[in-house]
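Since the structure is predicted, the reported quantities are computational estimates derived from the model, not experimental observations. All values below were derived from every heavy atom in this structure, side-chain atoms included, with hydrogens, water molecules and symmetry-related copies excluded.
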Amino acid sequence: CWTNYGPVRAIAEALGEEVKWNQEDKIIEINSKSVKIKLNGEDMVIKGTFSADRNFVAIRALAEALNYNVQWNNIDKSVIISKPKTANIS
């Protein structure tokens with residue numbers, strides 16, 4: 001089983017989320033869902049890695065933490081992220 005990693009800021013901003021870096025606490029804050037990712041610490045919400053001034057996390061873990069649906073397309077080896085469908089209540 002493979003895990004696809006991607007840059008936190010690029011993924012979150014592509015999903016319309018606001019991303020902030022808290023330098024003092026070394027925490028990535030994604031405000032709209034109050035998701036906090038602490039890298040290189042013991043109590044990580046989402047595990048990730050740091051490389052070349054970028055933080056990388058598992059794409060599925062980040063998207064699901066932001067309440068998105070995630071699917072793997074095995075034919076073209078791509079990750080599909082979509083908003084969950086909302087009920088149409090009249």
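Under the 4.5 Å side-chain contact rule for hydrophobic residues, I80 and Y5 do not share a cluster.
Listed by first then second residue, pairs satisfying salt bridge (charged side-chain N to carboxylate O under 4.0 Å, His left out) with a partner in residues 62-77 read R60-E64, not counting sequence neighbours.
Considering only residues two or more places apart in sequence or on other chains, I59 meets the side chain to side chain contact (heavy atoms under 4.5 Å, CB included) condition with N4, I11, V79, I81. Residues forming a side chain to side chain donor-acceptor pair (under 3.5 Å) with Q23 (at least two apart in sequence, or on another chain): W21. Residues satisfying the side chain to side chain donor-acceptor pair (under 3.5 Å) criterion with Q71, sequence neighbours excluded, are absent altogether.
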### Task
Determine, step by step, whether V19 and E13 satisfy the side chain to side chain contact (heavy atoms under 4.5 Å, CB included) criterion, reporting the C-alpha distance in whole Å, the side-chain angles of both residues, the deciding distance to 0.1 Å, and the verdict.
CA-CA 7 Å; V19 181; E13 288 180 349; 4.1 Å; yes
### Candidate pair L15 and Y68, rule side chain to side chain contact (heavy atoms under 4.5 Å, CB included), full reasoning
CA-CA 9 Å; L15 296 172; Y68 285 84; 3.6 Å; yes
